[in-house]
Amino acid sequence: MEREDLTFRSGGDSCAAWLYPAAGEAAAAPVVVMAHGLSGTRRDRLGPFAERFAASGIAALLFDHRGFGDSGGEPDRFHPARQLEDWRAATAFARSLAGVDPDRVATFGSSMGGGNALAAAAEDRRIAAAVSQVPFIDVLRQAHRPPPAVVAQMLLAAALDRHLPAVGQPHEAALINAPGGEAGWRRVVEAGEDSRWRNRVSARWLLGRPYRPARHAATLHCPWLVCVGEADRVAKPGAAIAAARRAPFGELRTYPGVDHFDVYDGPQHEAVVADEIAFLRRHLA
């Protein structure tokens, strides 16, 4: 499928994006704004989702946050508020595109991107729908709890404004150190498209307000699809299931035996993307 390589501005820096035009003859198609979470990039197996959305008649704008992937800005600098700024800029850019209906815009995110997709929708009442797959939306209830010595190393890195690995083993100081997490993510990167991913993320944000977009669920104005892996060890499923049930227009799908990084290929991918397409077509098309 053809796509366009585009850029937009966020906070004075350039964000890289791919636009997947919607199939069909509609003069103004709906669009879904998409991104990974934490240090993940557009090249790390989100393209297959965007291709399927576009083939179903829904355009997709898939972007890299500042500091990651092909985008500009300080390399590897992460903060949830900073990424939310990028979502605002990406959504405004999507609405400005020719052939896009600015009132039929959805947000889509994976893992921590699922939390960002929820937060971005919650603050923009023009957003028509949101999708959070294997969502990390409540650090206090979902995160793997490593040994106290590992937590101390992570907090020291944050206090000294250093970087940490994005993924590591359970005994290592890394932002994702749940059992199986490193192997699962590296498999996604290997299967990706000439990935620009780096195993390095700034740690200072750990000292700030806990990352909890789940707090927006109860007042979310739009339909919200929550796709949860029942065997998720990176983002424990209970908090996401509860949040979906609190949302006025929440729609919950759970997948038995599916871990955090299983949704990017194989039969698990097919099951999840089919549910997402059905949801987006129902609420956008």
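- With contacts defined as side-chain heavy-atom distances shorter than 4.5 Å, the pair Val150/Glu172 does not qualify.
- No more than 12 heavy atoms of other residues, nucleotides or ligands lie within 6.0 Å of CZ in Arg281, so this atom counts as exposed by the packing criterion.
- Across every non-hydrogen atom of Ile127 and Ala121, the tightest pair is CG2-CB, 3.8 Å.
- When atom types are taken as modelled, the side chain of Asn116 and the backbone of Gly37 share no donor-acceptor pair closer than 3.5 angstrom.
- Between Arg253 and Glu276 there is no salt bridge, since no side-chain N of the basic residue sits under 4.0 Å from a carboxylate O of the acidic one.
- The hydrophobic clustering, which links ILVMFWY residues whose side-chain heavy atoms are closer than 4.5 Å, places Leu160 and Val201 apart.
- Nearest heavy-atom pair across Ala203 and Leu164 is CB-CD1, 3.8 Å.
- Sorted by first and then second residue, the ring pair (Phe, Tyr, Trp, His ring centres under 6.0 Å) pairs involving residues 236-270 (not counting sequence neighbours) are His36-Tyr264, Phe49-His269, Trp185-Phe261.
- Looking at Val258 and Asp232, their side chains never come closer than 4.5 Å, going by heavy atoms from C-beta outward.
- Grouping Ile, Leu, Val, Met, Phe, Trp and Tyr residues whose side-chain heavy atoms lie under 4.5 Å apart, directly or via other members, places Leu252 in a hydrophobic cluster with Leu118, Ile137, Leu220, Trp224, Val226, Val228, Ile241.
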Practice prompt. Output, in order, the C-alpha distance, side-chain angles, deciding distance and verdict of side chain to side chain contact (heavy atoms under 4.5 Å, CB included) for Asp64 and Cys15.
Written response: CA-CA 6 Å; Asp64 282 339; Cys15 287; over 6 Å; no

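- Remark: the backbone N or O of Gly67 is not paired with any side-chain donor or acceptor of Ser71 at under 3.5 angstrom.
- A donor-acceptor pair under 3.5 Å links the side-chain atoms of Arg246 to the main chain of Ala214, judged by distance alone.
- Not a single donor-acceptor pair under 3.5 Å links the side chain of Arg66 to the backbone N or O of Ser14.
- In plain terms, the two heavy atoms of Ala174 and Gly168 that are nearest each other are CB-N, 3.5 Å.
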Practice prompt. Using the side chain to side chain contact (heavy atoms under 4.5 Å, CB included) rule, take Met154 and Asn177 through it: C-alpha gap first, then chi angles, then the decisive distance, then the call.
Written response: CA-CA 11 Å; Met154 296 173 67; Asn177 53 13; 4.2 Å; yes

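- Shown here is Arg126, whose CZ atom has more than 12 heavy atoms of other residues, nucleotides or ligands within 6.0 Å.
- A salt bridge links Asp70 to Arg42: at least one charged side-chain nitrogen sits closer than 4.0 Å to a carboxylate oxygen.
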Worksheet item: Where do Arg52 and Glu270 land on the side chain to side chain contact (heavy atoms under 4.5 Å, CB included) test, with the steps shown first?
Response: CA-CA 10 Å; Arg52 294 285 292 275; Glu270 292 301 320; 3.1 Å; yes

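- The closest side-chain heavy-atom distance from His283 to Cys222 is not below 4.5 Å.
- Looking at Arg196, its side chain does come within 3.5 Å of a backbone N or O of Asp194 through a donor-acceptor pair.
- Taking CD from Gln169 and CD1 from Ile176, the interatomic distance works out to 12.5 Å, rounded to the nearest 0.5 Å.
- When side chains are defined from C-beta on, Arg282 counts as touching Glu251, because their heavy atoms get closer than 4.5 Å.
- Arg198 CZ to Ser39 OG: the interatomic distance, rounded to the nearest 0.5 Å, is 8.5 Å.
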Practice prompt. Could you give me the CA-CA distance, side-chain angles and deciding distance for Ile277 and Phe53, then say whether side chain to side chain contact (heavy atoms under 4.5 Å, CB included) is met?
Written response: CA-CA 6 Å; Ile277 290 170; Phe53 298 157; 3.8 Å; yes

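- Once rounded to the nearest 0.5 Å, the distance linking CD of Glu193 with CZ of Arg45 reads 10.0 Å.
- A salt bridge between Asp161 and Arg77 is absent, with no side-chain N of the basic residue lying under 4.0 Å from a carboxylate O of the acidic one.
- Here Glu74 does not pair with Arg82 in a salt bridge; the nearest charged N to carboxylate O distance is not below 4.0 Å.
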Solution key, residues 17-24 side-chain donor-acceptor pairs under 3.5 Å, sequence neighbours excluded:
residue: Tyr20; atom: OH; partner: Arg3; partner atom: NH1; Å: 3.1

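- Counted within 6.0 Å of CZ on Arg145, heavy atoms from surrounding residues, nucleotides or ligands total 12 or fewer; the atom is thus considered open.
- Shortest non-hydrogen contact noted between Asp86 and Ser10 is OD1-OG, 2.6 Å.
- Between the side chain of Asp262 and the backbone N or O of Asp259, at least one donor-acceptor pair lies under 3.5 Å.
- Hydrophobic cluster membership is shared by Val273 and Met34, with clusters built from Ile, Leu, Val, Met, Phe, Trp and Tyr side chains linked at under 4.5 angstrom.
- At a threshold of 4.5 Å between side-chain heavy atoms, the hydrophobic network of Ile, Leu, Val, Met, Phe, Trp and Tyr places Val263 and Met112 in one connected group.
- Cluster membership for Phe108 and Val188, using ILVMFWY side-chain heavy atoms within less than 4.5 angstrom, is shared.
- Taking the side chain as every heavy atom from C-beta outward, Val272 and Val134 never approach each other to under 4.5 Å.
- Checked by atom type and distance alone, the side chain of Asn199 pairs as donor or acceptor with a backbone atom of Val167 at under 3.5 Å.
- Put simply, Ile58 and Leu61 are part of two different groups of oily side chains (I, L, V, M, F, W, Y) that touch within less than 4.5 Å, one to the next.
- The minimum heavy-atom distance linking Leu225 with Asp275 is given by the pair CD2-O, 3.9 Å.
- Proximity of Glu182 to Pro165: side-chain heavy atoms (C-beta onward) are nowhere separated by under 4.5 Å.
- Not a single donor-acceptor pair under 3.5 Å links the side chain of Arg141 to the backbone N or O of Asp138.
- Checked by atom type and distance alone, the side chain of Glu230 never pairs as donor or acceptor with a backbone atom of Pro237 at under 3.5 Å.
- A 4.5 Å side-chain heavy-atom check between Val32 and Val131 finds every atom pair outside the cut-off.
- For the pair Asp44 (side chain) and Thr41 (backbone), a donor-acceptor distance under 3.5 Å is present.
- When ring centroids are compared, Phe93 and Phe63 stay outside the 6.0 Å threshold.
- Every residue two or more places apart in sequence or in another chain was checked for a side chain to side chain donor-acceptor pair (under 3.5 Å) with Arg9, and none qualifies.
- Shortest non-hydrogen contact noted between Ala235 and Pro135 is CB-O, 3.5 Å.
- Asp124 is linked by a salt bridge (Lys or Arg N to Asp or Glu O under 4.0 Å) to Arg95, counting only residues two or more places apart in sequence or in another chain.
- For residues 133-161, there are no ring pair (Phe, Tyr, Trp, His ring centres under 6.0 Å) pairs, not counting sequence neighbours.
- No more than 12 heavy atoms of other residues, nucleotides or ligands sit less than 6.0 Å from atom CZ of Arg245.
- In this structure the side chain of Phe78 reaches within 4.5 angstrom of the side chain of Gln83, judged on heavy atoms.
- Taken from NE2 in His163 to CG in Asp76, the straight-line distance is 5.0 Å, to the nearest 0.5 Å.
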